[in-house]
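These values consider heavy atoms only, across backbone and side chains, with no hydrogens, waters or symmetry-generated copies. Counting convention: from 1, in listed order, for ligands and their atoms alike.
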Amino acid sequence: MSEPAPTRRLYIKTHGCQMNVYDSERMADVLRPLGYAMTERPEDADLVVLNTCHIREKATEKVYSELGYIKQMKLARQAAGQSMTIAVAGCVAQAEGKEIMHRQPAVDLVIGPQAYHQLPELIARTHRAKGERLSADFAPQAKFDRLGSDRNPSGVTAFLTIQEGCDKFCTFCVVPYTRGAEFSRPMDAVLAEARSLAGQGVREVTLLGQNVNAYGGEGGLAGLVRKLAQIEGLDRIRYTTSHPADMDEALIEAHGEVEALMPYLHLPVQAGSDKVLRAMNRAHTAESYLRLVEKIRAARPDMAMAGDFIVGFPGEREQDFEATLQLVAEVGYAGAFSFKYSRRPGTPAANLPDQVAEEVKEERLARLNALLDEQQSAFNASQAGRTLPVLFERAGRHPGQLSGRSPYLQAVHVSAPDHLIGQIVPVRIESAAKMSLAGALALEVA
Ligand code: SAH
Ligand code: SF4
Ligand code: F3S
């Protein structure tokens, strides 16, 4: 398909999870045929899209302060005889569309995550009449069908959304309300997209879903992974985020058998106290989670585990929190994301009595992070002296340096020539820091 020369500038700011990163890329894809090219400078943009996150209060409040800045840019452009269209997308758009329009009248368009395929037509409409607002009606099938499988990847790794929405209703979480019910894309569509990516030089895909391992296509996630592993050029497969309740035997087995499936698993547990887990509606206990990790490591002994944690859920006592520390000590995480519980309007936990004081949350988070940081540093340090296959992704910070990833998702910095970008090369790890590794090419590479 031939495309017009770019005549308009598009600026997209992305917050939140990788699914928003994927969606932002797809929005750029549907706008390209209309002549929109990306810019890094919002003040130059004809169209600004804020792709927002509603998961915690801070994330949501950020949207309103950013809109304040962008409004100033819009006014400056208007004073210079130019225009700017402002669109708010993502989970805040879905959850608080009306409030956004009300609080920031400079916003032209509000669009929920299931409606991005309608972006071109809605933009055209706002150019005629201001104030269009589209609250998506959760039609993910239409979204993915109309976004199509043709991609324009910008590097050697790519995200690929295969599942969207969530039916789990953890009592703290807004996702089931902002993204709707669980929906899995048909396997053929996913494979077509993966082939398109591989054909353009992508070596690693990360399959995405709020509950990616609940993937409902034929054969489940394990079946999909096995098919993807056969695609020429696609050498690394990852997936995120998983729910412990959906980690089935077939998937665990695939970890032991499929070489392309990388030994790094993000498997959030949230807490270590069964009382808290029950109140969170998590559908697993500390014990069942630990047994699951054991099984996964039996299939893939070098599996690096990552997790998400919430401290200060309503009713969490000191001894409950200590159970979280205990669980962390037993698992040994290679990486983690930890959060203070944030009360989200409309979720069941927001109305629970016994909310935990802010200072207590702060203190627990600091203790948890100290342990998690220590584990991450120890995990990285344990790689020193090993030789690991590294996929080089981009130029590094220093001249003559490339930056890539180990199988365990660690960033690795190496002195290496540019032509190795996109290649998987053995690297001898020489030193480790908390966030990254440094090494040297293990072979003479021509
Ligand atoms: N689907 C994934 C993660 C979704 S959101 C899962 O089931 O684990 C990403 C993380 O944000 C969650 O794992 C949780 O740790 C955190 N989170 C979600 N809601 C939160 C809230 N109200 N307060 C603090 N952290 C929250
Ligand atoms: Fe939120 Fe729970 Fe669904 Fe994850 S599984 S998206 S935490 S409701
Ligand atoms: Fe945030 Fe929505 Fe993702 S709330 S974490 S952007 S699904």
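Here the protein heavy atom with the shortest distance to atom 3 (Fe) of ligand 3 is Cys17 SG, 2.3 Å. Ranking the protein heavy atoms by distance from atom 4 (S) of ligand 3 puts His54 N, 3.3 Å first. Protein heavy atom nearest atom 6 (S) of ligand 3, with residue, atom name and distance: Asn20 ND2, 3.2 Å. Atom 1 (Fe) of ligand 3 has Cys53 SG, 2.4 Å as its closest protein atom, hydrogens excluded (heavy atom only). From the protein, the heavy atom lying nearest to atom 2 (Fe) of ligand 3 is Cys91 SG, 2.2 Å.
A cation-pi geometry, defined here as NZ or CZ lying under 6.0 Å from the six-membered ring centre and within 45° of its normal, holds between Arg56 and Phe339. A cation-pi arrangement is absent between Arg41 and Tyr11, since the terminal nitrogen or guanidinium carbon is not both under 6.0 Å from the aromatic centre and inside a 45° cone about the axis.
The ligand atoms of ligand 2 that sit less than 4.0 angstrom from a heavy atom of Arg282 are 2 (Fe), 7 (S). Near Asn211, meaning under 4.0 Å from one of its heavy atoms, ligand 2 places the atoms 3 (Fe), 5 (S). The His243 neighbourhood of ligand 2 comprises atoms 5 (S), with distances under 4.0 Å to a heavy atom of that residue.
Considering only non-hydrogen atoms, atom 7 (S) of ligand 3 lies nearest to Gln210 out of Glu164, Gln210, Arg344.
Applying the side chain to side chain donor-acceptor pair (under 3.5 Å) test to residues at least two apart or on different chains, none of the pairs has a partner in residues 207-219.
With waters left out, the protein N, O or S atoms under 2.8 Å from atom 1 (Fe) of ligand 2 add up to 1.
Residue contacts with ligand 2 for Thr241 are absent, since no atom lies close enough (heavy atoms, distance under 4.0 Å).
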Taking a 3.5 Å cut-off between nitrogen or oxygen atoms, can you list every pair linking ligand 1 to the protein, with distances?
unit_1, atom_1, unit_2, atom_2, d
ligand 1, 1 (N), Gln210, O, 2.6
ligand 1, 8 (O), Gln270, NE2, 3.4
ligand 1, 11 (O), Arg56, NH1, 3.1
ligand 1, 13 (O), Gln270, NE2, 2.8
ligand 1, 13 (O), Asp308, OD2, 2.6
ligand 1, 15 (O), Gln270, OE1, 2.7
ligand 1, 17 (N), Arg56, NH1, 3.4
ligand 1, 22 (N), Phe172, O, 3.0
ligand 1, 22 (N), Ser342, O, 2.8
ligand 1, 23 (N), Ser342, N, 2.9
ligand 1, 25 (N), Arg56, NH1, 3.3

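Residues that satisfy the side-chain contact (heavy atoms from CB on, under 4.5 Å) test with Arg195, not counting sequence neighbours, are Leu191, Ile231.
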